[in-house]
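Below: one structure, written as structure tokens.
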Amino acid sequence: SVYVVFKQSTDLNAIDLKVQEERHLRMLEGNSEFFNPWQYRIFSTYAVEYFYQSVHAVSDKITRTHAFLAFRVGQNILILLMLHVYLMALGIRNPWLIMLGLIVTGFCMATSVFKSDLSFNTYFDILFYLVAGWLIIKEKLIWIIPLTGLSALNRETSLLIPFMAIAPFVPYAIKQVPKRTLLIVASSLILFVVVFISVRMHYGYQPAKGIHGMSSFMDYLKFNLTFFRLYPELMGTLTFLPVVVILFFKHLPILLKQWFWLICPAWFAIHLAYSTAVETRLFLVPQVLIFIPAFLWLIENWYDSKTQAAQD
């Protein structure tokens with residue numbers, strides 16, 4: 001966790017900490033640099049600010065930069081702890097494989113620094129998706145409703161969280177989805193829409209505009225596909241894991257298969273067509289939620305199969 005923060009705060013390709021503090025203050029003022037969507041992602045902004053105000057009250061020598069770095073370390077620790085719990089819930093028991101998953105996750109976060117600040121909302125997104133996965137596996141679905149509300153305040157990409165609860169039923173047994181599950185999903189989606197609209201009404205709506213004045217899907221898509229640096233940066237973040245997972249996709253458990261189809265195609269398409277994809281931290285959600293766990297599951301399943309064959 002500490003090394004990841006070190007990379008994100010000192011790497012020459014990352015955003016300077018002073019610039020990050022300026023952007024943070026503009027968010028608090030309601031005048032964010034890239035207003036849509038940055039200004040609407042308020043959960044992480046106020047969480048960090050409240051943390052700073054709390055520790056600054058204890059010691060006025062603590063600056064916002066100090067608070068930012070400490071908060072980010074804590075955020076990393078929470079992600080790794082939640083990933084450990086999530087992997088266990090998926091049935092991955094080998095402690096060495098779980099340790100490998102945590103190390104790979106740290107590596108992926110440390111290599112996702114191009115034009116990146118500490119990106120608190122992105123990393124909360126990872127955390128919220130991991131929590132959602134764990135809640136669904138453990139059949140604690142009612143908690144998806146408040147989780148959706150919090151995640152909607154954090155980042156609009158959390159829209160897929162409610163759908164994760166019904167994805168395992170599609171397309172094999174969609175008619176068998178329990179009414180309680182449908183009610184929870186519907187309530188979560190309604191809450192998401194209410195939060196989504198309310199935040200935009202509060203701050204006022206402005207059309208989205210990216211770097212170089214990009215605004216349309218074709219602008220972003222052309223920029224992303226022709227910006228060569230995207231490809232090595234994406235390789236540094238995702239490594240070879242997506243290729244391995246796709247090659248052995250049929251061996252995965254149904255839950256990971258369905259979450260793959262729910263999240264990965266839409267995630268990659270939207271971020272290639274409506275974001276600056278070279279900022280590859282944007283792809284950490286599918287990496288941490290699906291590709292890394294799927295890779296570990298394949299290894300453990302292969303090892304168990306070999307062990308069973310040897311015993312027979």
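None of the values given here were measured: they were computed from a predicted structure.
Aromatic ring centres of Phe120 and Phe51 lie farther apart than the 6.0 Å criterion allows. Two rings, from Tyr129 and Trp259, have their centers 6.0 Å or more apart.
In this structure, Arg72 fails the cation-pi test against Phe68, since its NZ or CZ atom is not both closer than 6.0 Å to the six-membered ring centre and inside 45 degrees of the ring normal.
Within the 3.5 Å criterion, the main-chain N or O of Arg26 finds no donor-acceptor partner in the side chain of Asn31. Asn121 places no side-chain N or O within donor-acceptor distance of the main-chain N or O of Ser44, the cut-off being under 3.5 Å. Between the side chain of Glu233 and the backbone N or O of Thr280, no donor-acceptor pair lies under 3.5 Å. With hydrogens and angles disregarded, a donor-acceptor distance shorter than 3.5 Å links the side chain of Tyr86 to the backbone of Leu289. Distance alone, capped at 3.5 Å, is enough to place a donor-acceptor pair between the Arg200 side chain and the Phe196 backbone.
Listed by chain and residue number, nothing satisfies the ring-ring contact (aromatic ring centres under 6.0 Å, His included) test with Phe163 (two or more places apart in sequence, or in another chain).
Here the options are Ile246, Ile290, Val245, the test is side-chain contact (heavy atoms from CB on, under 4.5 Å), and the partner is Cys264; only Ile290 passes.
The two residues Cys108 and Ile292 have their closest heavy-atom pair at SG-CD1, 4.5 Å. Closest heavy-atom contact between Leu17 and Leu118: CD2-CD1, 4.2 Å.
Of the inter-residue distances, the one linking Met164 atom CE with Ile136 atom CD1 reads 4.5 Å to the nearest 0.5 angstrom.
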